[in-house]
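Hydrogens, waters and symmetry mates are skipped; everything else that's a heavy atom, side chains included, is used. This is a predicted model, so every value here is computed, not measured. Residue numbering restarts at 1 for every chain, and letters A, B, ... go by the order of the sequence lines.
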Protein chains: 2
Amino acid sequence: MSEQSDARTRFLRLHDMLRMRICLLDYPPGTRLSEEALATEFGTSRTPLRRVLARLEDEGLVVSQHGVGNIVTDIDPGEMARTYDLRRELAGLVGRLSPVPITDEIIAKASGFLDQGLALLEQPDIRALAHLNMVYFHFGTSLTLNEALREMSERLYYRTARIWLTVTPHLNLVDETAIFVSELRDSLSALQARDGQAAADIRRAHISLCIARMNAVKG
Amino acid sequence: MSEQSDARTRFLRLHDMLRMRICLLDYPPGTRLSEEALATEFGTSRTPLRRVLARLEDEGLVVSQHGVGNIVTDIDPGEMARTYDLRRELAGLVGRLSPVPITDEIIAKASGFLDQGLALLEQPDIRALAHLNMVYFHFGTSLTLNEALREMSERLYYRTARIWLTVTPHLNLVDETAIFVSELRDSLSALQARDGQAAADIRRAHISLCIARMNAVKG
DNA sequence: CTGATCAAATTTGTGCACATCTTGACCATT
DNA sequence: AATGGTCAAGATGTGCACAAATTTGATCAG
């Protein structure tokens, strides 16, 4: 009873895969995505694939140019900074608009994220760190029942996810991992106190700090 | 030098027209939009039109069902209430995140909106009121330079625009017009004082009051 | 009259052929 | 050698024919 039509399931799967590849920089900005090549890889024709690319274009991750190709968008630092400003505010709102009651199950999940983060401290890996950050972000948005807030937060997250991966190599990977682990630790503490607002504020504060670190790199 | 390709221009025009029809209830919730009929009306084939419908589906205004049709979505009151909660917060943020300096030109626009509102008081018209509200909303979002904030605000606006039109007939049209005019008047005063934050707070407050009025109807 | 069953009609999804546009290479001219 | 034009190659955009899915109505058995 997956209640999803086959076409929609495939659409969501392809969209997820391509978005992930873009956000993990498998397709760096400027990459030309050939519809024909992708259609061949996924075993479909161009038509369903164009539906996926259309959505990625609406999300601002690619731009389609007639006669040229589907080009992975570049990142304008100023716009990304403003997008981060909004993400920071939305992160705080998660604790105020329709917050979910904190259950033992939620705490267990947060604890699991901390374990994975600690494992990454032993064996740093920027790609694994980015992936864990993504999963943890979805966990964060799941703490509100406000569907629109979840959707907008995720939309903005995927638009800014690449900038962090671009900047991190210039920082110290071990340091960044440690900072992320401390966020996971603080977040777990707040949740254990059954204080969802505090947990949201912690995520908000870490976005602020992330903005500051990236500004320091730029300057 | 409109710098837009022909295909993109047509896409934007069709998207705007269909979105307007949905939000003004020309296509009430549950309406089945036939791709063939719309393609004939606009003088294209189904292919470009499906690109438009795909975006409307991503925006949550229609759902496409294989073998059935493209159906205008219904409105869940609870979700709409939560969406309004977020819209209220975003309206306040417009005054804090990258606000634009208030120029004479901006004040002139606000003054023009007030004139149009006053004209509507003389000759009430729910459709004209809804249209003026839409134009004024875009004016409001133009007061921030934060592109993401503008985009998310507009996305949420179009998702909730219909609920207001659905509820207003149960209220008094003249009263609603008068309330809107007072918002325009307050907004103009704040802008004349060169206080963009105050103008944003006024719009925020009016969203709060609108939520309260709609809750009163429901209860 | 009621219920089920099936076929026809209608609608969206897919694949393909072709139109349109961009780019770059090649070549003739100055 | 520099420059301008022309053309071919390759990419996305469009239109059409068909596949797949759903609904509807007719038809027939009970």
Side-chain angles (χ1 to χ4, degrees), chain A residues 1-19 21-22 26-74, chain B residues 1-19 21-22 26-74:
Chain A
M1 205 52 170
S2 68
E3 72 140 316
Q4 291 291 4
S5 84
D6 193 24
R8 195 175 303 271
T9 302
R10 179 177 64 180
F11 167 77
L12 291 174
R13 189 180 74 245
L14 294 189
H15 175 260
D16 231 54
M17 290 181 67
L18 288 184
R19 186 176 60 177
R21 291 181 185 181
I22 292 172
D26 293 329
Y27 299 143
T31 304
R32 285 193 341 192
L33 304 181
S34 163
E35 300 180 352
E36 195 100 29
L38 290 174
T40 301
E41 174 186 349
F42 295 125
T44 71
S45 74
R46 283 175 55 210
T47 305
L49 197 103
R50 281 174 59 77
R51 172 73 178 82
V52 175
L53 289 172
R55 174 146 181 185
L56 290 173
E57 182 168 19
D58 290 340
E59 294 172 332
L61 297 180
V62 306
V63 289
S64 181
Q65 294 183 22
H66 192 179
V68 181
N70 296 86
I71 301 181
V72 177
T73 54
D74 208 341
Chain B
M1 206 51 169
S2 68
E3 73 140 318
Q4 291 290 1
S5 83
D6 192 25
R8 194 175 303 270
T9 300
R10 179 176 65 179
F11 167 78
L12 291 174
R13 190 179 74 246
L14 295 189
H15 174 259
D16 231 54
M17 290 182 67
L18 288 185
R19 186 175 61 177
R21 292 181 185 182
I22 293 173
D26 294 329
Y27 299 144
T31 303
R32 284 191 344 191
L33 303 181
S34 164
E35 299 180 353
E36 193 101 26
L38 290 174
T40 301
E41 175 187 349
F42 295 124
T44 71
S45 75
R46 283 175 55 211
T47 305
L49 196 103
R50 281 174 59 77
R51 172 73 178 84
V52 176
L53 287 172
R55 174 145 177 184
L56 290 173
E57 182 167 19
D58 290 339
E59 294 172 331
L61 297 181
V62 305
V63 291
S64 181
Q65 294 183 20
H66 192 179
V68 181
N70 297 85
I71 300 181
V72 177
T73 55
D74 207 340

Inset, instruction - Mind listing the closest non-hydrogen atom pair of A:Phe42 and A:Leu49 along with its distance? - result: CD1-CD1, 3.7 Å
Inset, instruction - Starting at atom CG of A:Leu53, determine the distance to atom P of C:dT14, rounded to an integer number of angstrom. - result: 14 Å
Legend entry - Residue pair B:Leu38 / B:Leu18, side-chain heavy-atom distance below 4.5 Å: yes
Legend entry - Residue B:Thr47, side-chain atoms from C-beta onward, closest of D:dG15, C:dG13, C:dG15: D:dG15
Legend entry - Atom pair distance, as rounded to whole Å: CG in A:Leu56 and P in D:dT12: 14 Å
Inset, instruction - Determine the minimum heavy-atom distance between B:His15 and B:Val52, stating which atoms define it. - result: CA-CG1, 3.6 Å
Legend entry - Between C:dT20 (P) and B:Asp6 (CG): distance, integer Å: 12 Å
Legend entry - Selection from D:dG15, C:dG13, D:dT12 that lies nearest to any side-chain heavy atom of A:Ala7: C:dG13
Legend entry - Interatomic distance, B:Arg50 CZ vs C:dG15 P [rounded to whole Å]: 12 Å
Legend entry - For atom CD of A:Glu57 and atom C1' of D:dT12, their distance in whole Å: 11 Å
Inset, instruction - Please check the phosphate of C:dT12 (OP1 and OP2 only) for any side-chain N or O of B:Asn70 closer than 4.0 Å. - result: yes
Inset, instruction - Kindly say whether B:Asn70 contributes a backbone atom to a donor-acceptor pair with the side chain of B:Ser64 at under 3.5 angstrom? - result: no
Inset, instruction - Ignoring backbone atoms, test whether B:Arg10 places a side-chain nitrogen or oxygen under 4.0 Å from the OP1 or OP2 oxygen of D:dG13. - result: no
Legend entry - Qualifying salt bridge (Lys or Arg N to Asp or Glu O under 4.0 Å) pairs, either residue in residues 59-70 of chain A, two or more places apart: A:Arg55-A:Glu59
Legend entry - Shortest side-chain distance from A:Glu35, nucleotide among D:dT14, C:dG13, D:dT12: D:dT12
Legend entry - Residues in salt bridge (Lys or Arg N to Asp or Glu O under 4.0 Å) contact with B:Arg21, at least two apart in sequence or another chain: B:Glu41
Legend entry - Distance, rounded to the nearest Å, where B:Leu33 contributes CG and C:dT12 contributes C1': 13 Å
Between the protein and nucleotides 18-24 of chain D, which nitrogen or oxygen pairs are less than 3.5 angstrom apart?
residue : atom : partner : partner atom : Å
D:dA20  : N3   : B:His66 : NE2          : 3.2

Inset, instruction - Assign A:Leu49 to base, sugar-phosphate, or nothing according to its heavy-atom contacts below 4.0 angstrom with the strands shown. - result: nothing
Legend entry - Atom-to-atom span, CG of B:Leu38 to C1' of C:dT12 - whole angstrom: 13 Å
Inset, instruction - Please check the phosphate of D:dG15 (OP1 and OP2 only) for any side-chain N or O of B:Ser45 closer than 4.0 Å. - result: yes
Legend entry - Nucleotide D:dG13, atom C1' - distance to CG of B:Leu14 in whole Å: 14 Å
Legend entry - Closest approach of B:Pro29 to B:Thr73 (non-hydrogen atoms, all atoms of both residues): CB-O, 3.4 Å
